[in-house]
Peer 1: 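Starting off with a structure, shown below.
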Amino acid sequence: QEVTVVMAPNEVGATSYNPVASSMQPVGTYLIYDRLIAKDENLAYVPQLAESWVEADDGMAWTFTLKPGVTFHNGTPFAAQTVVDWLALYPGTENAYLFDAVERAEVVSELEVRFVMKRPDPNLLYNLSTVFASIPDPAAYAEAGEDYGVFDAVGTGPFRLESFEIGQQTVLVRNDDYAWGPGAATGKPAKIERLTLREIAESSTAFLELKTGGVDMLLNVPTDFVGEVEGASDLSVLQLAGQDLVYMPMNVTQAPFDDIKVREGVAFAINQQEILDAVFGGMGKAADGFLISSLPESKIADEFRISYNPERANKALEDAGWVMGTDGVRTKDGARLSVKLWTQSDSFFRRLSEVVQAQMKAVGVEAELVTFDSAAIRDQYKTGAHQVAVRSYLWDNADILEWFFSATRPFYPNVSMLDDPKAETLKDAAMTGAKNSAEREAAFVAYHEYINSQFPYAPIYEPVQIIGYNAERLVMPEVLHAPRFNTLGFLELDVKE
Amino acid sequence: MLGYVIRRILMLVPVFFAVSVVIFSMIHMLPGDPIENLLRVGSSPAQREALTAKYGLDRPLVEQYLLWMGNVLTGDLGTAIVQRRPVAQLVAQALPYSLTLGGLALCFSTVLGVVVGTIAASWRGSWLDQGLMGGVLFGSMLPNFWIGLLMILVFSVSLGWTPVSGARGWESLVLPVLTIGLGGTALVARVTRIAMIDTQGKDFVLLLHAKGVHPLTIQVRHVLRHALIPVVTILALRIGWILGGAVTVEVVFARPGLGSLLIKSLNQHDYPVVQASLLILAMAVMLGTLMGDLLQAAMDPRFRDSLT
Amino acid sequence: MQMPADAVPVLELDGLVRTFTTGGGLLRKGRSMTAVSDVSLRVAAGDIVGVVGESGCGKSTLARLAMRLIDPSAGRVLFEGRDVTQDHGPRLRPLRKKLQMVFQDPYSSLDPRFTLRDCLLEPFAALGETAPPGRVEALLDQVGLDRSFAGAYPHQLSGGQRQRVGIARALAYRPEVVVLDEPTASLDVSIQAQIIALLQELHRTSGLTYLFISHDLGLVRYFCTRIVVMYLGSVVEEMADPDAVPRHPYTAALMGSSFVPDPTERAQIVPLEGEIPSPFALPPGCPFAPRCARVQDRCRASRPALTQTTGASKVACFNPVEA
Amino acid sequence: MSGTVHKTGILATIRRSVAWRALATIKGGVAGGFLLLVVLGAIFAPVLTPYDYDIQALTNAFQPPSLAHPMGTDEFGRDVLTRILYGARTSLSVSVVAISISLVFGMTLGAAAGYFGGRFDRMVMVVVDLTWSFPEILVALMLVAIIGPGVTGTLVAICVAYLAQFTRLTRSQVMALKTETYVEAARGLGASHAFILFRHLLPNCLGPVLVAGMLATGDAIILEATLGFFGLGAQPPTPSWGGMMSSGSGLLFKGPWIILFPGLCIALTVVAINLFGDVLLAKLDIRDRLRVV
Amino acid sequence: MLLDVRDLSLRIGTVGLLDGLSFSVDRGEVLGLVGESGSGKSLTALALTGLAARMGATITAGSVVFDGTDLVGLKESAYRRLRGKRIGFITQNPMSALDALVTIGDQVDQVSRLHLGLSKRAARAHTVEILSRLRIPEAEVVARAYPHNLSGGMKQRVVIAMALAADPDLIIADEPTTALDVTVQAQIVMMLADLVRKRDLGLILITHDMSVVAQICDKVCVLYAGRVAESGPVRQIFAAPRHPYTEALIGCIPRDGMAPGSLRGIPGTVAAVSQYGADCCRFAPRCGRADARCRTQQPLPVVTGTGGMLACHHPVDSPVKEAADADAR
Ligand SMILES: Nc1ncnc2c1ncn2[C@@H]1O[C@H](COP(=O)(O)OP(=O)(O)OP(=O)(O)O)[C@@H](O)[C@H]1O
Ligand SMILES: Nc1ncnc2c1ncn2[C@@H]1O[C@H](COP(=O)(O)OP(=O)(O)OP(=O)(O)O)[C@@H](O)[C@H]1O
Ligand SMILES: [Mg+2]
Ligand SMILES: [Mg+2]
């Protein structure tokens, strides 16, 4: 009754299970904690700890009715007051933006809580469904202080944290009292007793582990190995729509990327289709904007889409005054067009970066690779020394634009260091100006389009989620009523025999 | 003898401090500011200062060093900045893995090396000698990580005998131990062989033959005994080598251990951990030399007497 | 060969002491031993002074001290009346040109990478000089080596031939005094005799002065004009006449221990009993006392001084053998 | 008795002749020949191969060995053989240069420590023994962390990592040679320290130390490759043998040749260096002495 | 005869190192085996104890009859039972002849336990007894000591004790005193001579020192370059050496009252092993009496009147003893 799973490589090195004060949370957070709201496979909001919710007509208040009988792992009951205390944890943390629009929360009754809004926030339900809105026991949280989530993590989720070795593995055990759950959940505890989440940075090692039976499931199978997995009699793959996006931010404050023409040139030098076909075997999509294609905000006007156009790339670079030299590198006033391309040390990024490096070289931009440990690179951005990098994110909401391009978050997450008054105005309109979803969508499209026009990044690739598992040992849920394989998936996962 | 041990341990004290100074200064030469790691997005300069003060990073280097040493002496290795745990705990978690791996690899290479060396020396110049020595030498000259990968390919992937990676159960120890052990075997075998050949040519061996002692007795009870002394000396000197040498192997086999802890912390700029791991390794080296000397004293009466 | 009282000796060693400390460590004090203790010696021009003693008694140390290769712990070295004890490095060069040495081991005293020509040119190269033309050939002739050897490497030579090269090299500067540290100890008797004959020849033709060190009393008595006997770092007896009857019991024992190559004269040798004391823990009093047949109580308590007996001979014994 | 060889260039002649005699044995010939081949391949890489080492042809990736690509193509569609040839330039030159620098410093330090002895010697030895007890890879990793990844970092790291070994070796050689009577004899002739060091001691320990340097070059190639394996060596697209394998076990399935061939190259080169070194050692008659140090 | 060696020849690889050696020893007799360095003395000792094969040497001809049995071609296991038990061996350098890691007692015990089958306790008692007989003070204490605690002379006596432990009939001592000081050398040599007398042993004393031979040997066998030059009763040889080499060798030792310059040595050096000629007198290049015949024809050993041997085409014409003496004085 024990299952070992390898986490996605981009989750390797997470340092705590503190959902409130951390901008990187691994899959385990979905299992230790519950959220008020979850999403189903169609991205529709479904109840998790909240049984139902009502939005006031003016959008200035939300009332959530909570499920009864919910308790934390330590036995503390979960009630309306818990939600109020929990919300009070956010101010001052890096996830405070989630509830920026919330004025305060009030206890209506034992199981009813009302959010009083500063302004309408069409995105509140989404925010509540993200992993960063996972609900720890506020008392336990306060007690542990800074170290919360490192040794102890107290949630209401289907699994309890048994041990956590950073960068190594997390061991979870079943919460036998679990009688709730998101959306289609049966209200029964998980079927497996023990779950080990291993962190293996080298995705191919992870694959070999799966292949040799060392682990039961990979949450992210490199496309290179899909054929192998499908070919193996005991292994199967499960494909889910992707929610990741790989892109290349350019630091607009660092030469030569302080010149928009250079950014344009480099942005159009990236051959997304070639990468998709050759590196990822055609699995996934060639990205042409900053948002995953399942989001309506990704539907921007064609003129703002960024996709491979070598003529335009070369022309932009010529316009910027960079002339092609004899050795294939452009020069201007005797200086070579040579930049440092930051990347992470795992093979996915290294390989991708090498391709990007070669594609930049093709338009006369010389890139020198600088590799960082995945756990360290975000801290390196805080020095502001980066010029251009290869990165990826996992998010299924348009507000990610604000996260990565807002002038209020320079260095990191705004790695591009974009600080543009017009962008800020458009951002405010999108984030806080909209009263309903339609307005919000339109505002984000405008914001997205404007950002693209400034070329602070180049889109690269939109992966699909490929989960590989040992079909001889695991019984997967027949239909997964969730966008990703997390809470519901592990609740319903079973072991044969 | 006891006096010698005490003296040796006392001698370790200045060395220990010298080493700690070297390690400390080296760490402070590393680029990057560990505080960056702690700062959350959008934190204020005040928060930064508070953190700097919390870790004592605002004080003069000498004071920082004294503070660190003071804590180390009371058993407090500090707190990991990125991993946010007591360093002592991290090290305590990693050390058993390294010790098992290193210890087993050491035993493996010692036993195999001594046997190979003895056989090679006994049939010196024969094809057996050439073959065996060539074999272990060859094994020790291949890059560790490559051998590791090949072993995975052969034993885990093709044959499915051993797990690919990780540290669960003795099966997962087999390949790493083999990979590290192979390098050590060559060294031990070479030292054993040379020492035995050297000893075989000594007058006392000729005299043992002249006394009518059986050649096998001579080889095992007398010659090998002499040959083991340099083997012990070399191995003792290389304790740190074996513990830390697991670095590549631990990475290839994704095993926890001091080596991978060190690499990870180095990559993450988690300096308290790097500092402590290096200190532990240095201490292992020093203890190794001490053990080597004691073992040598136990084996060699001449050495024993020269100590008093 | 008696030295006139007023003549200045070429080489004079005055109260030389040399202690060695071995095995010391960071925290441990090493054991110290006196390899040479209070040795005084005057070598007159044309003399062949022999120094005999058993292995480890400090003969080589004395030679190194005399050569100024090591510094004495106390005492002085005078050359032609000038105190050279404080001289070092380049200031010693004038001394080097007049005082040369032939070493005990002919196998390690030649650099294996040097041809004989290089070896013989080294004295000049070392001082940055150029050798006069034909010097190498002349030196080879002088020690009786064929000139064709000049291009050979030491490993192509026998021990005796190497020792000849060693001697030739010592002669390169045309020195006045040559210190010979057991030059024949590692050679066969037949070769030893060759070398001794060569040395005697050189003494006769070039008027060299020798300080000849050996453990072979018979050889010293044959070759030298004056004999100094050392025991555990100190001089126990000086014999002005090599054929004189020994006065010190140790010298007597040495002489009694050497076999005579004549089966008709089988001596009933009464070997010395007891062991040589460790130089690290010398007994108080006379160092020979533990092995001496003539030992008296005071021998164990205090150390006898070197006192004049007949003529220029001296002995350090409370109870010397009667002449 | 050969009286014909004369003074000028005698040392050089001997050394050359030792190397020559080593080449003349079967073992030495094969090993030396292979090394020569690798060096020539590195030098003439542009002539030998029609491909570029850095031009990607993604559509052409993961081609198994064929006539057009004798060692297949890598994950970027680059010819593996081409990259191995160019990679030899990086791997060999970095190792050789680093070891040479290390050798010079190590010999100076070791000779000084061994010759003058005393407190300086003891200090040097404490440091040297300590660094020697750490695996080279750790020392190298620390240094690369300080200097930063890339060729310079690797160079310095290898330099420092092997310094201890050369210092130790030179010191022990000098200490042993120092007691040789010919050194004392030279002092007796009034020779200066410099004369003794440069005319007697260094020439006599040069052979063993040079061979040790050669063997260390083999190890340095592995060290360089290991750093490359960790992604800390020469940065892409500059090929280096270790860097070519840095995708780790990842390619064992899809393109094992991408890892096997560079690995084989490292292995064969290192083995060849060691074999040749062994023959040299045997010819210099110092094999047993050196192999243990 | 206890040991009778006839025409013993031995080679290593292609080089013949010993060529037709003949000599013999009886109980109570001391045979001196002399010669310059490299003349094959040690090799002879190894050949007699059956250890030469360990050096890669093969006996190509001749016989070694020990107490009636020919040892040449004896099986190794049989030889092993002989070594240590009936033939004791004393090596040149006491400093390195003992195992530094084993106590003196254990090393001596080893012999009596192996060959006499004594128990541990009995062997130790036996050891202590032998050590005391060799005048080692406090033998029990010494037995517990390690070799490095002992002086050279003591160590050499321990080696002798090992050779004596199983009460052998023949002792072969290969330069037992070369490494020792004169005074100690005298002790050891006298002790060996004493043992031969008291125990009625045969002793082969290998040495390069003619004075030692003169003092304690009954017979002497002079080797030159792997061949016997001359052998015979010791007084005879010293009084009237017939071989020019023997004569020169005796003349190389300085004696009391020798005139300065009278010590001449033997010119030249022994030829290298690889240059050993077959059909010649190997001493010829250094010999004042050599002629063309010496260089082309090997002088075969002939039995002399005194029961010794001589291999020379031009032996020194027996001068009267008085003349030789007069010359020396
Ligand atoms: N450099 C040194 N360090 C320590 N001890 C030394 C040193 N040189 C000599 N000795 C010691 O001094 C003593 C005298 O040594 P020395 O070489 O002078 O003796 P020796 O009479 O020449 O002996 P031998 O006949 O063996 O050459 C010996 O006990 C020796 O161990
Ligand atoms: N294993 C061997 N291979 C080749 N030659 C050897 C070997 N052992 C000895 N010899 C040669 O045999 C000759 C006789 O050697 P042996 O040791 O018997 O001489 P020795 O008379 O005992 O000399 P020493 O007085 O120096 O001990 C020497 O010239 C030696 O070089
Ligand atoms: Mg001496
Ligand atoms: Mg011998």
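Lettering of chains follows the sequences in order, A, B, ..., and the numbering in each one begins at 1.
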Peer 1: Which answer fits B:Leu208, side chain, backbone, both or neither, if we ask what part of it has an atom under 4.5 Å from a heavy atom of chain E?
Peer 2: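 Only the side chain of B:Leu208 comes within 4.5 Å of chain E.
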
Peer 1: Ignoring hydrogens and geometry, is there a side-chain-to-backbone donor-acceptor pair from B:Lys211 to E:Gln107 under 3.5 Å?
Peer 2: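 Present.
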
Peer 1: Quick one: what part of E:Arg54 sits under 4.5 Å from any heavy atom of chain B, side chain, backbone, both or neither?
Peer 2: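 Side chain only.
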
Peer 1: Shorter than 4.5 Å, heavy atoms on both sides: which option in B:Arg221, B:His222, B:Met299 has the most such pairs with chain E?
Peer 2: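 With the most close heavy-atom pairs to chain E, the winner is B:His222.
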
Peer 1: Shortest non-hydrogen contact from B:Pro301 to E:Tyr146?
Peer 2: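 Residues B:Pro301 and E:Tyr146, closest heavy atoms: CG-CD2, 3.2 Å.
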
Peer 1: Mind listing the closest non-hydrogen atom pair of E:His115 and B:Gly212 along with its distance?
Peer 2: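 Heavy-atom minimum between the residues: NE2-CA, 4.1 Å.
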
Peer 1: Among E:Leu114, E:Leu98, E:Ile90, E:Asp99, single out the residue with the greatest number of heavy-atom pairs under 4.5 Å to chain B.
Peer 2: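 Heavy-atom pairs under 4.5 Å are most numerous for E:Asp99.
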
Peer 1: What part of B:Val205 lies closer than 4.5 angstrom to a heavy atom of chain E: side chain, backbone, both or neither?
Peer 2: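 For B:Val205, no heavy atom lies under 4.5 Å from chain E.
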
Peer 1: Look up atom CG in E:Asp174 and atom CG in B:Leu207, then write down how far apart they are to the nearest 0.5 Å.
Peer 2: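 Reported to 0.5 Å precision, the distance equals 11.0 Å.
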
Peer 1: Select one option (side chain, backbone, both, neither) describing which atoms of E:Ser96 are under 4.5 Å from chain B's heavy atoms.
Peer 2: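 The answer is both parts of E:Ser96.
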
Peer 1: Any idea which of E:Leu51, E:Asn149, E:Thr103, E:Leu46 has the most non-hydrogen atom pairs under 4.5 angstrom with chain B?
Peer 2: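 Highest number of heavy-atom pairs under 4.5 Å: E:Leu51.
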
Peer 1: Can you tell me if E:Met191 has over 12 outside heavy atoms packed within less than 6.0 Å of its CE?
Peer 2: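 Check passes, neighbour count above 12.
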
Peer 1: Go through the atoms of E:Leu101 and report whether side chain, backbone, both or neither lie under 4.5 Å from a heavy atom of chain B.
Peer 2: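 Both parts, backbone and side chain.
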
